[in-house]
Amino acid sequence: MIRFLELLVVLAALVLVLSNWFFSLNVSFDLVALVLSLLYFFTGIHYLRDDRVIRGTVILVVSSMMAFIFIESFIPIT
């Protein structure tokens, strides 16, 4: 189930990036940060399930920083 969600998030990230590059649609940075933080979250969970603890932990920390960018767009903290 996690793998399926990871593939869906990867496809959403690809659609956002390709629509921004090739079709010149105005995709907000906050939406890209949300999708990429979800992607990094699912990738970190995948690494933790495969017993790659250090790599999975680092990726989860990166995903939390990217989620902070998304949350900060709604509630300015800094």
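No experiment lies behind these values; they were computed from the predicted model shown.
Cluster membership check: Val35 shares its hydrophobic cluster with Met65, using side-chain heavy-atom separations under 4.5 Å among Ile, Leu, Val, Met, Phe, Trp and Tyr. Leu7 and Leu14 are not part of a single hydrophobic cluster, where members link through side-chain heavy atoms under 4.5 Å apart.
Rounded to the nearest 0.5 Å, atoms CG (Leu18) and CG (Leu11) are 10.5 Å apart. Interatomic distance, Leu60 CG to Ser37 OG, rounded to the nearest 0.5 Å: 11.5 Å. Summarising the geometry, atom OG belonging to Ser64 is positioned 10.5 Å from atom CZ belonging to Phe41; distances are rounded to the nearest 0.5 Å.
The shortest distance between side-chain heavy atoms of Leu48 and Ile59 does not fall below 4.5 Å.
Taking the ring centre of Tyr47 as origin, the terminal cationic atom of Arg55 falls inside the region bounded by 6.0 Å and 45° from the ring axis.
Counting heavy-atom neighbours within 6.0 Å of Tyr40 OH, excluding the residue itself, gives a total of 12 or less.
Partners of Asp51 according to the salt bridge (Lys or Arg N to Asp or Glu O under 4.0 Å) rule, which considers only residues two or more places apart in sequence or in another chain, do not exist here.
For the side-chain contact (heavy atoms from CB on, under 4.5 Å) criterion with Val10, the lone passing option out of Thr43, Val15, Leu39 is Leu39.
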